[in-house]
Amino acid sequence: MEQGGKTAARGWAARDASGLLSPYTFSRRVQGDGDVTIKVLFCGICHTDLHVIKNEWGNAMYPVVPGHEVVGVDTDVGPGVTKFTAGDTVGVGYFVDSCSACASCGTGHENYCPRLVLASNGVDHDGATTKGEFSDVVVVSQDYVVTVPESLPPDGAAPLLCAGVTVYSPMVQYALNEPGMHLGVVGLGGLGHMAVKFAKAFGMTVTVISSSPGKREEALDRLGADAFLISHDAAQMKAAAGSMDGIIDTVSAGQQIVLLLELLKPMGQMEVVGAPSKPLELPVHAIIAGGKRVAGNGVGSIADCQAMLYFAGEHGIAADIEVVGMDYVNTVIERLERNDVRYRFIVDVAGSHLDATA
């Protein structure tokens, strides 16, 4: 503990658009009345981290400490905390605060709050830049912390805090979770494999749509998808036209969205949850014909995240992961750029020698 009640933190940060991460020391805020102090055990790495540390979205505020998929253990709680006690296994996701006063916050959709405070590379209400969870400790309001069920492995649960809720939330919100419905999942990466797992647990028929023929066996035999389409195979795509009730598009690269919309039944719903750097092209005729709908989704609310974790715990759903030490993280970023992962990298923060210097 530092002078003034702030908590000393050790982590890794990027200092410029090279995205190179190195040891970094900083301070977490003073634990408030309603705050929880968490020892970080595991933290996932997603494409958002990659985009931000390399300033591909033009919004990086260096130094950037990435990380927003966290499972840890409460080490201390403020006197006003009623939801958690020291020793609880908990999670923290993509955001750590909101205004609590806008229409979105008032209806339980705080993930769309215009003053949303991101866990990493965000602006807190006091004007400070937030530092993510590639660090040993984090201090968060109890209202933005969730319980991680004992039935889930803590390392495999970490990606659920972002990747999991990002696909689960729109499936539930838009009723793309009914048994017997046909769901297309575009992309079989960190988000895509979670979408397949949740959809199968809901009792849906699942078709994976991928540009990589080599993922067929993985999709069908290991993850349990019912069918597999190669997105650049015109014959396969034509044969599947008009067959799907909904589509979850998880891809973070550019793609031809019109070809995907043709797979939907009339009045079908497409949810875009990937975040490509380049704009998607959407001719109006592609949605007018058939009354098809396209919507985006930004992670999910805290209630969505908690419901998702309980559902995952009941159905044994965790991410497929590769656990690494913090000293390997720059190699991980290189591998993530070429999609060399099945399906989520997890940093063993508690088991890493952070070796921090200022």
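As the structure is a computational prediction, the values presented were derived from the model and not from experiment.
Enclosure of atom NZ in Lys83 by more than 12 non-hydrogen atoms of other residues, nucleotides or ligands within 6.0 angstrom is indicated. For Gln236, the CD atom is densely surrounded, since the number of other residues' heavy atoms within 6.0 Å is greater than 12.
Remark: Tyr112 pairs with Asn297 by the side chain to side chain donor-acceptor pair (under 3.5 Å) rule, at least two apart or across chains. Residues satisfying the side chain to side chain donor-acceptor pair (under 3.5 Å) criterion with Glu133, sequence neighbours excluded, are absent altogether.
A salt bridge is absent between Glu262 and Lys238: the closest approach of a Lys/Arg side-chain nitrogen to an acidic carboxylate oxygen does not fall below 4.0 angstrom. Salt-bridge annotation for Asp221 and Arg216: absent, with no side-chain N of the basic residue lying under 4.0 Å from a carboxylate O of the acidic one.
Once rounded to the nearest 0.5 Å, the distance linking NZ of Lys215 with CG of Leu223 reads 10.5 Å. Taken to the nearest 0.5 Å, the OG1 atom of Thr129 stands 11.0 Å off from the CG atom of Leu118. Rounded to the nearest 0.5 Å, atoms CD (Glu56) and NE2 (His47) are 9.0 Å apart. Separating the CD1 atom in Ile45 from the CD1 atom in Ile333 is a distance of 5.5 Å, to the nearest 0.5 Å. Interatomic distance, Cys102 SG to Leu116 CG, rounded to the nearest 0.5 Å: 9.0 Å. The CG atom of Asp49 sits 12.5 Å away from atom NZ of Lys54, with the distance rounded to the nearest 0.5 Å.
Between the side chain of His193 and the main chain of Gly190, a donor-acceptor pair closer than 3.5 Å is present. Proximity of a side-chain donor or acceptor of Ser352 to a complementary backbone N or O of Gly325 within less than 3.5 Å is not detected. For the pair Asn55 (side chain) and Ala17 (backbone), a donor-acceptor distance under 3.5 Å is absent. Between the side chain of Ser27 and the backbone N or O of Ala8 there is no donor-acceptor pair closer than 3.5 Å. Side-chain atoms of Trp12 come within 3.5 Å of backbone atoms of Leu354 as a donor-acceptor pair (strictly under, hydrogens ignored). One N or O on the side chain of Asp88 and one on the backbone of Thr85 form a donor-acceptor pair closer than 3.5 Å. Counting only distance, with no hydrogens or angles, the side chain of His68 and the backbone of Gly93 share no donor-acceptor pair below 3.5 Å. Under the 3.5 Å distance criterion, the side-chain polar atoms of Arg342 are left unmatched by any main-chain donor or acceptor of Asp320. One N or O on the side chain of Lys292 and one on the backbone of Leu261 form a donor-acceptor pair closer than 3.5 Å. Side chain of Asp304 to main chain of Ser169: no donor-acceptor pair is present (N/O by atom type, distance under 3.5 Å, no hydrogens or angles).
Val186 and Leu220 end up in different hydrophobic clusters when Ile, Leu, Val, Met, Phe, Trp and Tyr side chains are linked at under 4.5 Å. In the hydrophobic clustering of this structure, Ile38 groups with Val96; members are Ile, Leu, Val, Met, Phe, Trp, Tyr whose side-chain heavy atoms approach within less than 4.5 Å, directly or through other members. Note on Leu20 and Phe26: separate hydrophobic clusters, where clusters join Ile, Leu, Val, Met, Phe, Trp and Tyr whose side-chain heavy atoms are under 4.5 Å apart, directly or indirectly. Linking ILVMFWY side-chain heavy atoms closer than 4.5 Å, directly or via other members, places Trp57 and Leu336 in a single hydrophobic cluster. Under a hydrophobic clustering in which Ile, Leu, Val, Met, Phe, Trp and Tyr are joined whenever their side-chain heavy atoms come within less than 4.5 Å, directly or via other members, Val77 and Val148 fall into the same cluster.
The shortest non-hydrogen separation linking Asp74 to Val90 is OD1-CG2, 3.2 Å. Looking at every heavy atom in both residues, Val258 comes nearest to Pro283 through CG2-CD, 3.4 Å. Between Lys197 and Ala319, the closest heavy-atom pair is NZ-C, 4.3 Å. Across Ala157 and Leu152, no two heavy atoms sit closer than the pair CB-CB, 4.1 Å. When all heavy atoms of Ala175 and Met181 are compared, the closest pair comes out as O-SD, 3.3 Å. In plain terms, the two heavy atoms of Ala303 and Glu110 that are nearest each other are N-OE2, 4.4 Å.
Put simply, the side chain of Glu271 reaches to within 4.5 Å of the side chain of Gln269, judged on heavy atoms. Side chains of Tyr343 and Leu188 form a contact here, defined as non-hydrogen atoms less than 4.5 Å apart. No side-chain heavy atom of Ile257 sits under 4.5 Å from any side-chain heavy atom of Glu281. Taking 4.5 Å as the limit, some side-chain heavy atom of Ile248 sits within range of a side-chain heavy atom of Met171. At a threshold of 4.5 Å between non-hydrogen side-chain atoms, the residues Glu178 and Phe202 do not count as touching. With a 4.5 Å cut-off on side-chain heavy atoms, Thr207 and Leu183 do not count as touching. Using a 4.5 Å heavy-atom cutoff, the side chains of Phe134 and Val329 are in contact. At least one side-chain heavy atom of Val73 sits less than 4.5 Å from a side-chain heavy atom of Leu41.
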Inset, instruction - Determine, step by step, whether Glu322 and Tyr328 satisfy the side-chain hydrogen bond (donor to acceptor under 3.5 Å, both in side chains) criterion, reporting the C-alpha distance in whole Å, the side-chain angles of both residues, the deciding distance to 0.1 Å, and the verdict. - result: CA-CA 12 Å; Glu322 179 178 338; Tyr328 187 69; 5.0 Å; no

Inset, instruction - Apply side-chain contact (heavy atoms from CB on, under 4.5 Å) to the pair Arg335 and Phe345, showing each step before the final yes or no. - result: CA-CA 10 Å; Arg335 289 181 56 189; Phe345 285 116; 3.5 Å; yes

Inset, instruction - Evaluate side-chain hydrogen bond (donor to acceptor under 3.5 Å, both in side chains) for Arg15 paired with Ser22, printing each intermediate quantity in order. - result: CA-CA 8 Å; Arg15 268 74 169 190; Ser22 58; 2.5 Å; yes

Inset, instruction - List the steps and the verdict of side-chain contact (heavy atoms from CB on, under 4.5 Å) for Gln31 and Thr7. - result: CA-CA 8 Å; Gln31 178 180 281; Thr7 300; 5.9 Å; no

Legend entry - Step-by-step salt bridge (Lys or Arg N to Asp or Glu O under 4.0 Å) determination, Arg29 to Asp35: CA-CA 10 Å; Arg29 72 170 187 243; Asp35 286 342; 2.9 Å; yes

Inset, instruction - Evaluate side-chain contact (heavy atoms from CB on, under 4.5 Å) for Leu264 paired with Ile247, printing each intermediate quantity in order. - result: CA-CA 7 Å; Leu264 288 173; Ile247 291 175; 3.7 Å; yes

Legend entry - Audit row: Tyr310, Thr147, side-chain contact (heavy atoms from CB on, under 4.5 Å) steps and yes/no: CA-CA 9 Å; Tyr310 287 144; Thr147 297; 4.2 Å; yes

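Contacts classified as side chain to side chain donor-acceptor pair (under 3.5 Å) and involving residues 242-258 (residues at least two apart or in different chains) are given here: Asp245-Lys265, Asp249-Gln255.
Here the two rings, on Tyr144 and Tyr94, have centers that are 6.0 Å apart or farther.
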